[in-house]
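Both ligands and their constituent atoms are indexed starting at 1 by order of listing. What you see below is based on every heavy atom in this structure, not just the backbone, and it leaves out hydrogens, waters and symmetry mates.
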Amino acid sequence: MPQILIDIKKLYKQFNLSSSIWSSKKRVIPAVNNVDLQIYKGETLGLVGESGCGKSTLARLITLLEKPSSGSIYFKGENIFTYNREELKFYRRNVQLIFQDPYSSLNPRKSAAGIIKEPLVIHRIGNKASRQEAVVELMTKVGLSKQQANRYPHEFSGGQRQRIGIARALVLRPQLIIADEPVSALDMSIQAQILNLLKDLKQDFGLTYLFISHDLNVIRHMSDRVAVMYLGRIVELAQNNEIYNRPLHPYTRMLLSAVPSCVPDGKKKIASIKGEAAKENDNGCDFQNRCPYRVEICSEQTPILKEVDNYGFCACHLTGSI
Ligand code: SF4
């Protein structure tokens, strides 16, 4: 049985938004809706869904950049929301985030070396010489040269900036990396290089990844298991090959049928899926407005994520019969 590194239990995060600029009435938007999910040590768990489905909010909750409305996240069996100061420090060292936009996530006033060693300074690890040694080692590992150490972010290409971001995430030797759309801001030709680099680093450093993307081709290339998210809920979870060869949930099937392998502008993306995403009421399946299989029960009861024999998990009333 694989060891569970992160165990997410009934995680819920809502945002209260004004219904219009003229009204003081608030609308409750559940960005992460009762998510139960495990990340196993050593795996790459892919998290896929359209923009705005809650993927990044989930990443921000795991990295403690957001507080949940309710629910828990356990790291090696301990609830991270009950940590004391020392435990928080330990957790933050072990869980690092790689951001989507390598330019805005790097401090323009710091050199590459300054950016990469900053976490060591914050956590008071090592001395000047050992930090410099760590910088050189990591720059080499991510495909940069030590001669580039004193250059500033604007002197690097987009791919090189992302390599700096990756080196910074690795400098504390974390156990879990959360990569939130790490290649979506990069050119296609650079994307493959960064993805392969992340794969190699996973082996070298014995990492676990939560890999977030809206791009099913990228998720397929990277993941061992795949979780599909729709309006804040996980609607399907299975091994990579199962999701792509035998998708069960109607939403997963739509995503897969909407993904072109190549489009004229050179970018792979989820094509727009027809139908209004939002429901008229709180009852029933979140996908009912767009689902071609909808039956009466779909508007009455919310389907829960259930185990399917020899497969994985799916949240649909009609699993197995469509
Ligand atoms: Fe479609 Fe009903 Fe399944 Fe929801 S529960 S995905 S509406 S068939």
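The stretch residues 195-206 participates, sequence neighbours left out, in these side chain to side chain donor-acceptor pair (under 3.5 Å) pairs: Asn196-His221.
Checking each of Phe75, Tyr91, Tyr74 against Tyr83 for a ring-ring contact (aromatic ring centres under 6.0 Å, His included) leaves exactly one that passes, namely Tyr91.
Taking the ring pair (Phe, Tyr, Trp, His ring centres under 6.0 Å) definition, one finds that Phe313 meets it with nothing, sequence neighbours left out.
Of all protein atoms, those that are N, O or S and lie under 2.8 Å from atom 4 (Fe) of ligand 1 total 1.
Between Arg290 and Tyr230 there is a side-chain heavy-atom pair separated by less than 4.5 Å.
Under a 4.0 Å criterion applied to the non-hydrogen atoms of His249, ligand 1 contributes the atoms 6 (S).
Between Arg173 and Glu137, at least one side-chain N (NZ, or NE/NH1/NH2) sits under 4.0 Å from a carboxylate O, which counts as a salt bridge.
Under a 4.5 Å side-chain heavy-atom cut-off, the cluster of Ile, Leu, Val, Met, Phe, Trp and Tyr residues that includes Tyr152 has no other member.
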